[in-house]
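Down below is the structure, laid out as structure tokens.
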Amino acid sequence: MSLYEKIVSGEEKIALVGLGYVGMPIAVAFAKKVKVIGYDLNSEKIRLYKDGIDPTNEVGNEVIKNTKVEFTSDESRLREAKFHIVAVPTPVNSDHTPDLSPVEGASRILGRNLTKGSIVVFESTVYPGVTEDVCVPILEAESGLKCGVDFKIGYSPERINPGDKVHRLETITKIVSGMDAETLDEVAHVYELVVEAGVHRAESIKVAEAAKVIENSQRDINIAFMNELSIIFDKMGIDTLEVLKAAGTKWNFLNFRPGLVGGHCIGVDPYYLTYKAEQLGYHSQIILSGRRINDDMGKYVAESVVKKLISADLPVKGAKVAILGFTFKENCPDTRNTKVIDIYNELGEYGIVPIVVDDTADASEAKRLYGIEFKTMADVKDMDAVILAVAHDNLKGISKDTMDSLYNPNNKSRILADIKGILNKSEYTDTDYIYWRL
Ligand SMILES: NC(=O)c1ccc[n+]([C@@H]2O[C@H](COP(=O)([O-])OP(=O)(O)OC[C@H]3O[C@@H](n4cnc5c(N)ncnc54)[C@H](O)[C@@H]3O)[C@@H](O)[C@H]2O)c1
């Protein structure tokens with residue numbers, strides 16, 4: 001009997017190592033079909049899950065309450081499983097080099113609890129070579145087992161999009177890979193249990209690792225191009241989104257828009273690729289220049305708002321500015337790696353302490369990471385400028401009357417920075433608004 005068959009028959013279990021935005025939806029999906037152990041190092045998180053609370057909002061409290069996933073922070077329970085999926089973070093250090101410590105730590109934990117005949121599949125986004133050259137030696141050293149003989153490995157990158165209820169684990173083609181043909185078959189069959197869209201069998205583990213890292217690098221570069229256009233067109237007094245709307249009528253014009261690039265994927269993964277390239281003697285030109293542009297956009301937005309204040313004869317120091325939206329992306333509570341903090345900090349350099357409102361965001365996380373205490377919309381009064389920073393659904397629906405009520409009625413001009421262009425611009429032009437967008 002293959003491992004896949006034993007999993008389907010209930011004889012063997014799947015274990016998830018790392019239950020965050022990626023690991024939790026996978027655990028929940030598999031638990032609908034087979035036995036699943038959900039392990040996380042963070043016992044507080046496990047406690048929340050056991051209480052039926054989903055802090056990521058990816059699957060929702062109801063699903064967590066009803067799932068059959070056996071949640072645990074006891075690593076020894078990993079011994080009960082033979083098919084392991086690792087979904088731990090892969091951040092970068094402050095110098096933009098890969099921080100592999102969570103992947104290494106997970107490999108140590110798993111290695112200590114690995115049994116003969118297991119398959120380990122990494123899902124974390126990495127540069128080509130991490131699975132085989134970094135994780136395997138740790139798994140072997142900790143377990144005393146030999147990779148390829150006693151256990152096998154694979155890699156299957158995650159492509160989910162937090163907050164996106166359309167593109168989900170089940171509906172996105174899953175890239176799978178394995179160290180040999182037999183492992184590839186097992187890995188493919190296991191994922192086919194839950195991925196309705198099917199799997200793509202990559203030629204090798206390194207190919208699968210590379211595919212993931214370039215998907216996000218490509219996105220980053222394309223957004224950087226849009227951001228550069230936005231800076232150029234602003235100087236020309238042309239509205240970038242109108243230019244894109246016109247250019248987008250050509251069949252092969254790519255549909256990207258300018259914006260802040262935060263989060264743990266698009267703004268981070270390209271550095272994994274450039275780091276490895278650098279080690280091999282190649283200094284990236286395109287990828288890193290894209291990164292530089294995108295990393296500077298928060299500062300650019302803040303400077304643009306300051307210029308608008310000056311053009312409206314409003315004092316900059318001490319100006320009353322509200323930032324609406326703080327998360328790294330729309331309709332998602334995650335504030336880690338948000339670039340809105342760059343706007344906030346840059347405005348601080350000009351003596352402006354903005355108030356921040358975000359009903360979608362994880363307020364305790366924002367307080368812990370940035371020391372920012374969110375306000376409510378009722379606190380947004382007598383403003384000189386308002387920055388709509390994130391395209392949350394609740395902000396998209398904001399009416400002109402509500403916008404009007406946020407400003408100081410004594411000001412001659414109302415400065416509105418609609419970064420993502422979510423408002424109907426025509427309502428704000430030819431009025432006392434100074435409307436600006438990327
Ligand atoms: N979030 C996304 O949208 C997304 C999409 C595609 C790929 N990815 C990639 O997936 C990986 C995971 O991302 P995420 O967003 O789920 O991260 P996350 O921070 O939401 O979750 C990771 C979980 O791993 C746990 N963890 C850390 N070290 C551990 C260890 N040694 N043992 C067990 N658990 C450990 C953490 O406590 C946390 O709960 C990253 O490599 C990321 O780049 C993320």
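One-based numbering, in listed order, for ligands and for the atoms of each.
- When the options V268, D40, V126 are ranked by their closest heavy atom to atom 37 (O) of ligand 1, first place goes to D40.
- Annotation: side-chain hydrogen bond (donor to acceptor under 3.5 Å, both in side chains) contacts of D180 (sequence neighbours excluded): K152, T183.
- Ring orientation note: the planes of Y435 and Y428 are close to parallel, at an angle under 30° on the 30°/60° scale.
- At least one N or O atom of T90 sits closer than 3.5 Å to an N or O atom of ligand 1.
- Every N/O-N/O distance between Y39 and ligand 1 stays at or above 3.5 Å.
- In the candidate list L110, V22, L19, V22 is nearest to atom 13 (O) of ligand 1, counting heavy atoms.
- Remark: ligand 1 atoms within the under-4.0 Å shell around heavy atoms of K212 are 6 (C), 7 (C).
- Closest heavy-atom approach to atom 11 (C) of ligand 1 among the candidates V88, T125, I46: V88.
- Listed by number with element, the atoms of ligand 1 under 4.0 angstrom from any heavy atom of I109 are 31 (N), 32 (N).
- Of the charged side-chain nitrogens involved, none lies within less than 4.0 Å of a carboxylate oxygen, so that R292 and D296 do not count as a salt-bridged pair.
- With salt bridges taken as basic N to acidic carboxylate O contacts below 4.0 Å, none links E80 and K35.
- With ligand atoms numbered from 1 in the order given, ligand 1 contributes 6 (C), 7 (C) to contacts under 4.0 Å with heavy atoms of E158.
- Ligand-side atoms of ligand 1 in range of K45: 38 (C), 39 (O), range being under 4.0 angstrom from any heavy atom.
- Geometrically, ligand 1 and N161 share no nitrogen or oxygen pair separated by less than 3.5 Å.
- Taking 4.0 Å as the cut-off between side-chain N and carboxylate O, E123 and K174 count as a salt-bridged pair.
- In E75, neither the side chain nor the backbone holds a heavy atom less than 4.0 Å from any atom of ligand 1.
- Ligand-side atoms of ligand 1 in range of P89: 19 (O), 22 (C), 24 (O), 27 (C), 40 (C), range being under 4.0 angstrom from any heavy atom.
- Atoms of ligand 1 found under 4.0 Å from any heavy atom of N42, numbered from 1 in the order shown, are 37 (O).
- Looking at atom 5 (C) of ligand 1, its nearest protein heavy atom turns out to be I160 O, 3.3 Å.
- Side chain of T338 to main chain of F326: a donor-acceptor pair is present (N/O by atom type, distance under 3.5 Å, no hydrogens or angles).
- Atom 21 (O) of ligand 1 has G20 CA, 3.2 Å as its closest protein atom, hydrogens excluded (heavy atom only).
- Using bins of under 30°, 30° to 60° and over 60° for the plane-to-plane angle, the ring pair Y271/H96 lands in the parallel bin.
- A centroid separation of 6.0 Å or more is found between the aromatic rings of Y344 and Y370.
- For ligand 1 and G105, the ligand atoms under 4.0 Å from any heavy atom of the residue are 31 (N).
- Close approach of ligand 1 to A106 (heavy-atom distance below 4.0 Å) involves ligand atoms 31 (N).
- Residues R437 and E242 are paired through a salt bridge, judged by an N-O separation under 4.0 Å between the basic side chain and the carboxylate.
- A donor atom on one side chain and an acceptor atom on the other are found under 3.5 Å apart for D74 and S76.
- The shortest N/O to N/O separation between C265 and ligand 1 does not fall below 3.5 Å.
- Between E62 and K65, at least one side-chain N (NZ, or NE/NH1/NH2) sits under 4.0 Å from a carboxylate O, which counts as a salt bridge.
- Checked by distance only, ligand 1 and R159 stay at 3.5 Å or farther apart across all their nitrogen or oxygen atoms.
- Sorted by first and then second residue, the pairs that involve residues 214-233 and meet salt bridge (charged side-chain N to carboxylate O under 4.0 Å, His left out), not counting sequence neighbours, are R159-E215, D220-R291.
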